[in-house]
Novice: 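Quick one: structure below, then a few questions.
Side chains are part of it too, since the values below use all heavy atoms of this structure and drop only hydrogens, waters and symmetry mates.
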Amino acid sequence: PTSGVMLYTNNRYVTVRNNIFNGSLTSGTTAVQVTRRGIEPAPLGYKIYNNTMYSGNSTSPFTCIQIDSTASQTTIRNNLCSGPTAVLLNDSSSPGETVISNNLLTNLTTGFVNTLAGNFNLMSGHQAINSGTALSAVRIDKASITRPQGSAWDIGAYEFTGSVTPPTNPNLSVSSTYLPFTALEGSTAPITQTFTISNTGSGTMNWTVAETPDATWLTVTPPNGVNN
């Protein structure tokens with residue numbers, strides 16, 4: 001969807017845990033909304049535990065959790081809310097009806113292994129590591145890893161299990177995308193021209209240049225290479 005709620009729930013005694021909510025491609029999004037629908041009973045006894053809620057969209061508001069005025073006895077713990085415009089909680093319930101602890105709000109888009117690939121495992125040094133509270137309802141994480149792995153529960157859907165090396169992302173860059181050649185048939189070959197291939201990303205990039213079959217007069221040297 002281009003906007004709206006990622007999880008809209010209106011029941012009683014529900015536990016929302018170990019989920020990933022990524023609102024990067026949406027606008028005006030709420031990750032979890034607890035609300036009443038029509039004449040149904042008001043939400044009661046919700047537990048929202050150890051979820052990772054993220055949006056890399058810097059131009060649109062992103063609310064991680066929204067609690068309706070009719071909700072009661074809601075508990076919100078160990079949730080990671082992250083993004084440039086992120087707001088952890090919009091709570092319209094009566095005073096004392098919502099208990100919150102050990103949640104983390106950060107306006108950064110870093111600290112995860114690879115958000116573009118949907119990998120929200122924590123990187124070494126993230127604030128969420130060992131910052132949660134012990135919860136019997138979430139003894140394992142989203143990947144079925146036992147909690148805790150460190151001195152305390154981690155905040156968010158994933159437990160940090162050790163140093164994680166981010167994936168490499170090589171990026172091909174060419175100094176010129178157009179080289180004009182002028183020559184007459186039967187005359188000498190056109191002058192030599194030069195272009196540079198570089199890797200503006202990370203990791204190792206292997207490249208190969210192929211001439212078109214009808215360009216028998218053209219030779220590329222070297223025809224391949226490796227850039228780090």
Novice: Quick check: closest heavy atoms across Ala42 and Thr70, and the distance to 0.1 Å?
Specialist: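 Nearest pair, atom of Ala42 first, then Thr70: CB-O, 3.3 Å.
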
Novice: Can you hop from Trp207 to Val220 via hydrophobic side chains spaced under 4.5 Å?
Specialist: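 As far as the 4.5 Å side-chain criterion goes, Val220 and Trp207 are connected within one cluster.
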
Novice: Between OH of Tyr49 and OG1 of Thr15, what distance do you get to the nearest 0.5 Å?
Specialist: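 It comes to 6.5 Å.
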
Novice: Near Arg12 CZ, under 6.0 Å, is it more than 12 heavy atoms from other residues, nucleotides or ligands?
Specialist: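 Correct, the count exceeds 12.
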
Novice: Quick one: which of Ser94, Ser93, Pro95 gives a side chain to side chain contact (heavy atoms under 4.5 Å, CB included) with Asp91?
Specialist: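 Looking at Ser94, Ser93, Pro95, the match for Asp91 under the side chain to side chain contact (heavy atoms under 4.5 Å, CB included) is Ser93.
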
Novice: Just wondering, are more than 12 heavy atoms of other shown residues or ligands nearer than 6.0 Å to CD1 in Ile100?
Specialist: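 At most 12 heavy atoms, drawn from other residues, nucleotides or ligands, come within 6.0 Å of this atom.
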
Novice: Evaluate the side-chain hydrogen bond (donor to acceptor under 3.5 Å, both in side chains) criterion for residues Asn224 and Thr208: first the C-alpha distance (whole Å), next the side-chain angles of each, then the deciding distance (0.1 Å), finally the verdict.
Specialist: CA-CA 4 Å; Asn224 52 66; Thr208 300; 5.1 Å; no

Novice: Between Asn107 (side chain only) and Gly83 (backbone N and O only), is there a donor and an acceptor less than 3.5 Å apart?
Specialist: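 At least one qualifying donor-acceptor pair exists.
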
Novice: Quick check: closest heavy atoms across Asn78 and Gly132, and the distance to 0.1 Å?
Specialist: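 For Asn78 and Gly132, the tightest heavy-atom pair comes out as OD1-CA, 3.3 Å.
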
Novice: Can you find a heavy atom in the side chain of Ser92 that is under 4.5 Å from one in the side chain of Asn90?
Specialist: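 Counting from C-beta outward, Ser92 and Asn90 do come under 4.5 Å.
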
Novice: How close do Ala71 and Val34 get, heavy atom to heavy atom, and via which atoms?
Specialist: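 In this case the closest contact between Ala71 and Val34 is CB-CG1, 4.3 Å.
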
Novice: If you take all heavy atoms of Thr26 and Asn57, which pair is closest and at what distance?
Specialist: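 Minimum heavy-atom separation between Thr26 and Asn57: O-ND2, 3.0 Å.
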
Novice: Verify side-chain contact (heavy atoms from CB on, under 4.5 Å) between Phe160 and Asn121, making sure each step is shown before the conclusion.
Specialist: CA-CA 7 Å; Phe160 179 71; Asn121 279 280; over 6 Å; no

Novice: Is the shortest side-chain heavy-atom distance between Leu135 and Asn50 below 4.5 Å?
Specialist: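 A side-chain contact exists here, since the closest heavy-atom pair is under 4.5 Å.
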
Novice: Test of understanding: with ring pair (Phe, Tyr, Trp, His ring centres under 6.0 Å), list the residues that count as partners of Tyr54, not counting sequence neighbours.
Specialist: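 Result, ring pair (Phe, Tyr, Trp, His ring centres under 6.0 Å) vs Tyr54: Phe112, Phe120.
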
Novice: Taking the side chain as C-beta and beyond, is there a heavy-atom pair between Pro170 and Asn199 under 4.5 Å?
Specialist: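 Pro170 reaches Asn199 side chain to side chain.
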
Novice: Given side chains that start at C-beta, do those of Thr98 and Ile76 come closer than 4.5 Å, heavy atoms only?
Specialist: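 Contact flag for Thr98/Ile76 side chains = yes.
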
Novice: Going by the side chain to side chain donor-acceptor pair (under 3.5 Å) test, name the single residue among Asp154, Asp141, Asn18 that passes it with Arg147.
Specialist: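 Per the side chain to side chain donor-acceptor pair (under 3.5 Å) rule, the option paired with Arg147 is Asn18, out of Asp154, Asp141, Asn18.
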
Novice: Just checking, is any N or O donor in the side chain of Ser101 or Arg77 under 3.5 Å from an acceptor N or O on the other one?
Specialist: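 Yes, side-chain donor-acceptor contact under 3.5 Å.
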
Novice: Could you state whether Leu80 and Trp153 fall into the same hydrophobic cluster, counting links through intermediate Ile, Leu, Val, Met, Phe, Trp or Tyr residues with side-chain heavy atoms under 4.5 angstrom apart?
Specialist: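 Unlinked, Leu80 and Trp153 end up in two clusters.
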
Novice: Would you check if Val32 and Met53 make a side-chain contact, meaning some heavy-atom pair closer than 4.5 Å?
Specialist: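 A side-chain contact exists here, since the closest heavy-atom pair is under 4.5 Å.
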
Novice: First locate atom CG of Asn206, then atom CG of Asn227, and finally report the distance between them rounded to the nearest 0.5 Å.
Specialist: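 It is 9.0 Å, given to the nearest 0.5 Å.
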
Novice: Which pair of heavy atoms, one from Asn79 and one from Ile65, lies closest together, and at what distance?
Specialist: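 For Asn79 and Ile65, the tightest heavy-atom pair comes out as ND2-CD1, 4.2 Å.
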
Novice: What I'd like to find out is whether the side chain of Ile197 reaches to under 4.5 Å of the side chain of Leu172, using heavy atoms alone.
Specialist: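 Answer yes - side chains close enough.
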
Novice: Hydrophobic clustering (ILVMFWY, side-chain heavy atoms < 4.5 Å, transitive) - are Ile145 and Val113 grouped together?
Specialist: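 No, Val113 and Ile145 fall in different hydrophobic clusters.
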
Novice: Applying the 4.5 Å side-chain criterion to the ILVMFWY set and letting contacts propagate, would Val87 and Phe62 be lumped into a single cluster?
Specialist: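 In one cluster: no.
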
Novice: For the atom pair CE (Met123) and CD1 (Ile129), what is the distance rounded to the nearest 0.5 Å?
Specialist: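 With rounding to 0.5 Å, CE (Met123) is 9.5 Å from CD1 (Ile129).
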
Novice: Could you tell me the separation between the OG1 atom of Thr35 and the CD atom of Glu40, rounded to the nearest 0.5 Å?
Specialist: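 Thr35 OG1 to Glu40 CD: 10.0 Å, rounded to 0.5 Å.
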
Novice: Indicate the atoms forming the closest heavy-atom contact of Ser24 with Gly56, along with that distance.
Specialist: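 Result for this residue pair: OG-N, 2.9 Å.
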
Novice: Measure the CZ-CG distance between Arg36 and Leu44 for me, rounded to the nearest 0.5 Å.
Specialist: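 Atom-to-atom, Arg36:CZ and Leu44:CG are 12.0 Å apart.
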
Novice: Write out all pairs satisfying disulfide bond (SG atoms under 2.5 Å apart) with one or both partners inside residues 22-126, taking only residues at least two apart or from two chains.
Specialist: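 Counting only pairs at least two positions apart or across chains, the disulfide bond (SG atoms under 2.5 Å apart) contacts touching residues 22-126 are Cys64-Cys81.
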
Novice: CG/Asn130 to CD/Glu159 distance, rounded to the nearest 0.5 angstrom?
Specialist: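 Between atom CG of Asn130 and atom CD of Glu159 there are 7.5 Å.
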
Novice: Is Ile20 linked to Ile155 within one hydrophobic cluster, defined over Ile, Leu, Val, Met, Phe, Trp and Tyr using a side-chain heavy-atom separation of less than 4.5 Å?
Specialist: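 Yes: a chain of side-chain contacts under 4.5 Å links Ile20 to Ile155.
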
Novice: Are any of the side-chain heavy atoms of Pro43 and Gln73 separated by less than 4.5 Å?
Specialist: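 SC-SC contact between Pro43 and Gln73 ruled out.
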
Novice: Quick one: does Lys47's side chain get under 4.5 Å of Arg17's, heavy atoms only?
Specialist: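 Answer no - side chains too far apart.
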
